[in-house]
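Just so you know, ligand 1 is whichever comes first in the structure, and atom 1 is the first atom listed for that ligand.
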Amino acid sequence: MSIAFLAHLYPWTKALHIIAVIAWMAGLLYLPRLFVYHCDAPPGTQTSELFKVMEFRLYKYIMTPAMLATFLFGILLALTPGLVDWHAGWFYIKLAAVIPMAGVHGMMSRWRKDFLADRNRHPQKFFRIMNEVPTVLMLIAVIMVVVQPF
Ligand code: HEM
């Protein structure tokens with residue numbers, strides 16, 4: 001399961017994949033930090049309205065395009081001849097970390113909309129814990145693709 005001409009594009013596909021991953025991770029790690037601070041800003045205040053704008057811009061203009069680019073270039077890499085041994089386990093474990101990461105992205109979209117409508121009910125501690133989830137998934141994804149232990 002591979003497409004021959006992708007071999008010529010490999011350095012570019014990989015560079016773009018890594019760039020997209022960095023931007024996506026930056027958003028996945030920073031947006032919950034904004035939620036933590038937003039919890040301290042009562043609805044209707046200028047600070048709360050400012051957080052809404054920051055959250056919107058980060059989510060819409062950085063995180064979502066970066067996630068789509070990560071998937072696009074990741075799939076192109078997976079289709080590049082010789083990169084993925086489909087009988088080895090590492091690629092599937094990487095996918096098992098990446099798919100929940102997209103799920104976390106979707107949940108952050110919901111929490112962002114809750115803050116936008118002034119109806120967030122989660123405490124700061126919840127967002128602090130949620131901050132760690134993408135970190136753990138990222139560790140698994142990177143170790144699988146670089147070390148390929150299985
Ligand atoms: C649909 C999602 C994804 C797919 C299909 C995918 C697939 C791949 C493939 C096939 C490679 C090439 C491996 C090689 O060159 O030997 C790669 C490289 C890489 N991926 Fe992903 N990936 C995805 C998402 C992610 C995510 C979410 C992260 C990190 C959080 C990530 C981190 C990396 C890194 C750091 C490399 C470079 C590894 C190296 O230089 O050897 N990928 N990816």
Side-chain angles (χ1 to χ4, degrees), residues 1-41 50-117 120-150:
M1 194 164 41
S2 65
I3 300 173
F5 81 91
L6 285 175
H8 301 291
L9 298 176
Y10 171 60
W12 283 103
T13 327
K14 184 145 131 176
L16 292 169
H17 182 59
I18 293 171
I19 292 164
V21 163
I22 291 171
W24 190 24
M25 286 309 303
L28 283 173
L29 296 176
Y30 191 50
L31 190 58
R33 290 306 308 168
L34 287 178
F35 293 155
V36 168
Y37 302 134
H38 200 156
C39 285
D40 274 339
L50 182 63
F51 276 126
K52 288 180 188 179
V53 174
M54 291 166 78
E55 288 154 4
F56 169 77
R57 290 189 182 156
L58 181 62
Y59 181 80
K60 198 90 174 175
Y61 299 127
I62 296 179
M63 285 174 68
T64 300
M67 177 181 70
L68 296 175
T70 300
F71 274 71
L72 172 69
F73 294 115
I75 290 166
L76 290 179
L77 282 169
L79 295 173
T80 302
L83 286 192
V84 178
D85 171 3
W86 299 100
H87 301 290
W90 68 266
F91 182 71
Y92 303 102
I93 299 174
K94 177 172 173 176
L95 281 190
V98 168
I99 290 163
M101 216 183 261
V104 171
H105 182 106
M107 280 168 7
M108 285 188 189
S109 164
R110 209 169 67 206
W111 300 328
R112 187 191 71 77
K113 286 181 188 154
D114 286 344
F115 273 112
L116 187 65
N120 167 55
R121 296 199 200 296
H122 295 295
Q124 269 189 339
K125 194 166 180 206
F126 173 80
F127 294 117
R128 281 185 205 281
I129 294 166
M130 279 304 144
N131 217 347
E132 306 305 328
V133 176
T135 311
V136 174
L137 295 173
M138 178 266 290
L139 289 175
I140 298 170
V142 172
I143 290 170
M144 284 305 125
V145 77
V146 176
V147 182
Q148 301 188 0
F150 309 106

Element-labelled atoms of ligand 1 that are located less than 4.0 Å from some non-hydrogen atom of [X]:
X      : answer
Tyr10  : 14 (C), 15 (O)
Ala78  : 10 (C)
Thr70  : 24 (C), 25 (C)
Phe71  : 1 (C)
Met138 : 30 (C)
Trp24  : 27 (C)

Quiz item: Has Lys94 got an N/O/S atom less than 2.8 Å from atom 21 (Fe) of ligand 1?
Solution: yes
[X] and [Y]: which non-hydrogen atoms are nearest, and at how many Å?
X      : Y      : value
Pro134 : Met101 : O-CE, 3.9 Å
Ala141 : Val98  : CB-CG2, 4.3 Å
Leu29  : Asn131 : O-OD1, 3.0 Å
Pro32  : Gly27  : CD-O, 4.1 Å
Trp86  : Ala78  : CZ2-O, 3.3 Å
Met108 : Leu28  : CE-O, 3.4 Å

Quiz item: Do the ring planes of Trp24 and His105 sit parallel (below 30°), tilted (30 to 60°) or perpendicular (above 60°)?
Solution: tilted
Quiz item: Parallel, tilted or perpendicular: which fits the ring planes of Phe127 and Phe35, with parallel below 30° and perpendicular above 60°?
Solution: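 Judged by the thresholds at 30° and 60°, the geometry between Phe127 and Phe35 is tilted.
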Quiz prompt | Residue from Glu55, Met54, Met130 passing side-chain contact (heavy atoms from CB on, under 4.5 Å) with Leu31 | solution = Glu55
Looking only at protein heavy atoms, which one is nearest to [atom], and what is the separation?
atom                    : result
atom 37 (C) of ligand 1 : Ile18 CD1, 3.9 Å
atom 24 (C) of ligand 1 : His17 CE1, 3.5 Å
atom 41 (O) of ligand 1 : Lys14 NZ, 3.3 Å
atom 26 (C) of ligand 1 : Val21 CG2, 3.8 Å
atom 38 (C) of ligand 1 : Val145 CG1, 3.8 Å

Exercise. For atom 7 (C) of ligand 1, state which one of Ala141, Pro134, Gly74, Ala15 supplies the nearest heavy atom.
Key: Gly74
Exercise. Could you pull out, from Val84, Thr13, Leu77, the option with a heavy atom nearest to atom 11 (C) of ligand 1?
Key: Leu77
Quiz prompt | Distance, nearest 0.5 Å, that separates OG1 of Thr70 from NE2 of His17 | solution = 6.5 Å
Quiz item: If you round to the nearest 0.5 Å, how far is CD1 of Ile75 from CG of Leu6?
Solution: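 That separation rounds to 12.0 Å.
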Where does [X] meet ligand 1, judged by heavy-atom distances below 4.0 Å: at the side chain, the backbone, both, or neither?
X      : value
Phe73  : neither
Leu137 : neither
Val98  : side chain

